[in-house]
**Student:** 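Here it is, the structure in full.
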Number of protein chains: 2
Amino acid sequence: MTARTSHETAREIPEATVARLPVYLRALSTLSEGGTTVCSSEDLAAAAGVNSAKLRKDLSYLGSYGTRGVGYDVDYLRYQIAREMGATRDWPVVIVGIGNLGHALANYSGFRSRGFRVVALLDADDRRHGEVVAGVVVRPFTDLRAIVHEHGVAIGVIATPAAAAQDVADTMVGAGITSILNFAPTVLNVGLGVAVSKVDLSKELQVLAYHEQRKATAEPA
Amino acid sequence: MTARTSHETAREIPEATVARLPVYLRALSTLSEGGTTVCSSEDLAAAAGVNSAKLRKDLSYLGSYGTRGVGYDVDYLRYQIAREMGATRDWPVVIVGIGNLGHALANYSGFRSRGFRVVALLDADDRRHGEVVAGVVVRPFTDLRAIVHEHGVAIGVIATPAAAAQDVADTMVGAGITSILNFAPTVLNVGLGVAVSKVDLSKELQVLAYHEQRKATAEPA
DNA sequence: GGGATTTTGTTCTCGCGTTCACAAACTTCT
DNA sequence: AGAAGTTTGTGAACGCGAGAACAAAATCCC
Ligand SMILES: NC(=O)c1ccc[n+]([C@@H]2O[C@H](COP(=O)([O-])OP(=O)(O)OC[C@H]3O[C@@H](n4cnc5c(N)ncnc54)[C@H](O)[C@@H]3O)[C@@H](O)[C@H]2O)c1
Ligand SMILES: NC(=O)c1ccc[n+]([C@@H]2O[C@H](COP(=O)([O-])OP(=O)(O)OC[C@H]3O[C@@H](n4cnc5c(N)ncnc54)[C@H](O)[C@@H]3O)[C@@H](O)[C@H]2O)c1
């Protein structure tokens with residue numbers, strides 16, 4: 001292992017590893033709730049659905065938090081991963097587009113329990129304003145800038161129709177948001193410093209359908 | 001290019017490519033709706049948000065559907081990709097767990113427009129039975145087997161709490177479903193012939209939060 | 001204390017995916 | 001018709017990630 005000071009936070013964690021860390025976090029929480037205090041890489045890998053060698057390699061990017069011959073302390077490891085992920089602090093989030101999906105997201109308790117606090121629900125449609133969803137009132141989209149500044153919001157969620165998504169993204173970036181989770185099926189063009197993550201639900205179904213079709217045509221009995 | 005008969009459907013399309021084909025499909029639809037009849041790989045790549053070389057290589061796995069010096073016929077290419085993906089036929093789908101997310105999914109028009117037909121909404125809670133969502137009535141989960149056999153359902157969507165997901169998956173597989181889209185934050189154990197695709201919305205937010213934190217700690221001004 | 005056992009952390013190798021770069025093929029212009 | 005210009009399809013180089021394999025380190029047992 002290379003020497004590093006306690007101040008150095010800039011170790012390069014591969015993107016593929018970062019994407020798995022939340023899965024490990026969740027598996028550790030499940031183990032902890034089940035009363036497990038110590039687990040081996042084999043146990044945790046099984047719970048997370050990955051190869052144990054891959055798990056150990058992933059964890060090695062964070063540091064050496066295990067004990068050879070023993071395994072990992074579940075709560076200690078969970079804390080270390082959470083700290084590395086920024087899950088120990090609270091992240092204020094705004095959701096734009098309170099339709100079918102926006103309602104579901106606003107009601108989703110899994111965000112709150114992982115450190116995401118929905119500070120505002122925004123919609124362009126007057127008729128939605130004033131409605132209270134999960135304890136938060138729906139406000140005009142034009143309030144975005146004020147809310148972002150007031151709460152220091154860095155993360156925005158887009159659940160509007162595709163046609164509106166780019167405009168919403170532009171306004172978000174203009175207001176100071178630097179990370180966007182986009183549910184609209186559109187490619188967003190944003191500046192360099194802005195991260196966009198896209199979730200495309202029908203894409204997932206289409207990939208499944210592709211494999212179904214292959215199964216059907218490959219072995220026509 | 002290797003010689004192949006018109007009956008051969010078993011060309012190996014890399015998984016990474018399969019995951020992008022739906023994106024190309026959507027980009028082609030957008031272009032077509034905008035009146036574009038022919039486009040270059042550069043145009044399409046821009047619309048899909050990928051590198052043009054990658055796009056051309058992806059398309060080359062399907063065949064040679066472009067014309068050098070000209071580009072691709074938008075509708076023709078769209079049809080070819082749709083055919084390869086199995087998007088030219090209708091896929092019956094069941095959704096299990098009609099809570100917040102289940103309602104949003106049932107109401108989502110994007111599934112229908114991409115060839116997915118929601119033939120049943122199932123829930124274990126009596127109080128939900130009989131409710132009509134998007135024209136489909138919510139029925140008891142115990143009806144699953146009959147519905148799968150009646151409609152020849154191959155694809156199931158799980159939108160139940162995590163604690164119930166494994167049981168639901170087992171029942172689905174027992175009823176004959178071979179592809180599962182899972183929204184519950186759990187690792188599902190299924191047999192070899194069954195494909196599982198997992199969508200974890202809070203994972204996406206957590207990855208964004210990680211990058212936010214890195215931005216904040218890397219350049220503390 | 002010391003050997004056997006367990007399990008981590010890391011090195012090494014392999015395969016896949018991405019991207020560059022270019023020849024082949026088609027169109028357009030003269 | 002031939003030259004110039006475009007754009008595809010693909011060979012080749014490169015980099016990253018997955019997984020096997022092993023050495024180092026801790027525990028257990030006698
Ligand atoms: N419903 C689902 O399960 C689902 C699944 C996958 C993807 N999506 C995608 O998510 C998005 C939303 O889907 P939905 O079903 O909730 O649609 P919806 O029509 O129910 O809701 C969209 C909401 O966005 C608001 N809106 C429109 N333009 C706006 C703007 N410029 N600024 C702010 N708000 C605006 C509308 O007033 C409406 O309330 C769509 O892009 C859809 O493709 C939805
Ligand atoms: N709501 C969201 O936006 C959101 C976002 C991400 C992930 N999720 C995940 O999606 C799942 C559903 O979320 P939700 O917010 O809709 O929850 P919810 O509690 O609103 O709905 C769950 C539904 O599943 C039904 N159910 C429970 N056990 C069942 C069983 N064994 N068989 C059939 N039906 C059963 C319940 O009756 C209920 O109607 C959860 O796992 C959640 O973590 C939800």
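Everything numeric here is computed off the predicted structure, so don't read it as measured data. In what follows, chains are A, B, ... by sequence order, proteins preceding strands, each numbered from 1.
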**Student:** Looking at B/Ser41, does any N or O in its side chain come under 4.0 Å of the phosphate oxygens OP1/OP2 on D/dT7?
**Tutor:** no
**Student:** What's the CD-C1' distance between B/Glu15 and D/dA18, to the nearest Å?
**Tutor:** 16 Å
**Student:** Grab the CG-C1' distance between B/Asp58 and C/dG17 for me, whole Å please.
**Tutor:** 10 Å
**Student:** Considering only C/dT8, C/dA25, C/dG17, which nucleotide approaches the side chain of B/Pro14 most closely?
**Tutor:** C/dG17
**Student:** Measure the distance from CD on A/Glu12 to P on D/dC16 and round it to the nearest whole Å.
**Tutor:** 11 Å
**Student:** OP1 or OP2 of C/dT18 sitting under 4.0 Å from any side-chain N/O of B/Arg20?
**Tutor:** yes
**Student:** Of the options D/dT8, D/dA26, C/dT7, whose atoms approach the side-chain atoms of A/Thr67 most closely?
**Tutor:** D/dA26
**Student:** Return the value, rounded to whole Å, for the distance between atom CG of B/Leu62 and atom C1' of D/dT10.
**Tutor:** 15 Å
**Student:** How about CZ on A/Arg89, more than 12 heavy atoms from neighbouring residues, nucleotides or ligands closer than 6.0 Å, or not?
**Tutor:** yes
**Student:** If you find the nucleotide of DNA chain C closest to A/Gly69 and the one closest to A/Leu59, which residue's nucleotide is nearer the 5' end?
**Tutor:** A/Gly69
**Student:** Rounding to a whole Å, what distance do you find between B/Glu42:CD and C/dC20:C1'?
**Tutor:** 13 Å
**Student:** Under 6.0 Å between the ring centres of B/Phe111 and B/Tyr108?
**Tutor:** yes
**Student:** Hey, which of these two, A/Thr17 or B/Arg68, hits DNA chain D nearer its 5' end, going by closest nucleotide?
**Tutor:** B/Arg68
**Student:** From the list D/dG9, C/dG9, C/dT7, which nucleotide is the closest neighbour of the side chain of A/Ser40?
**Tutor:** C/dT7
**Student:** Within the pair B/Asn51 and C/dG17, is there a side-chain N or O less than 4.0 Å away from OP1 or OP2?
**Tutor:** no
**Student:** Quick check: B/Tyr72 with B/Tyr65 (ring centres under 6.0 Å apart)?
**Tutor:** no
**Student:** Measure the distance from OH on A/Tyr61 to C1' on C/dT11 and round it to the nearest whole Å.
**Tutor:** 12 Å
**Student:** Could you tell me if A/Thr178 and B/Glu212 have a donor-acceptor pair between their side chains, going purely by distance under 3.5 Å?
**Tutor:** yes
**Student:** Starting from C1' on C/dT8, measure out to CG on A/Asp43 and report it in whole angstrom.
**Tutor:** 13 Å
**Student:** Looking at C/dT19, D/dA21, D/dT27, which one has an atom nearest to any side-chain atom of A/Ala53?
**Tutor:** D/dA21
**Student:** Just the rounded figure in Å: distance from C1' of D/dG17 to CZ of A/Arg56.
**Tutor:** 16 Å
**Student:** Can you see if the side chain of A/Tyr72 gets near the phosphate of D/dA26 - specifically, an N or O under 4.0 Å from OP1 or OP2?
**Tutor:** no
**Student:** Could you verify whether a donor N or O on one side chain and an acceptor N or O on the other, from A/Thr171 and A/Arg145, lie under 3.5 Å apart?
**Tutor:** no
**Student:** Side chain of B/Ala16: nearest nucleotide among C/dT8, C/dT18, C/dA23?
**Tutor:** C/dT18
**Student:** State whether the distance check finds a donor on one side and an acceptor on the other, under 3.5 Å, for side chain B/Lys57 versus base C/dT19.
**Tutor:** yes
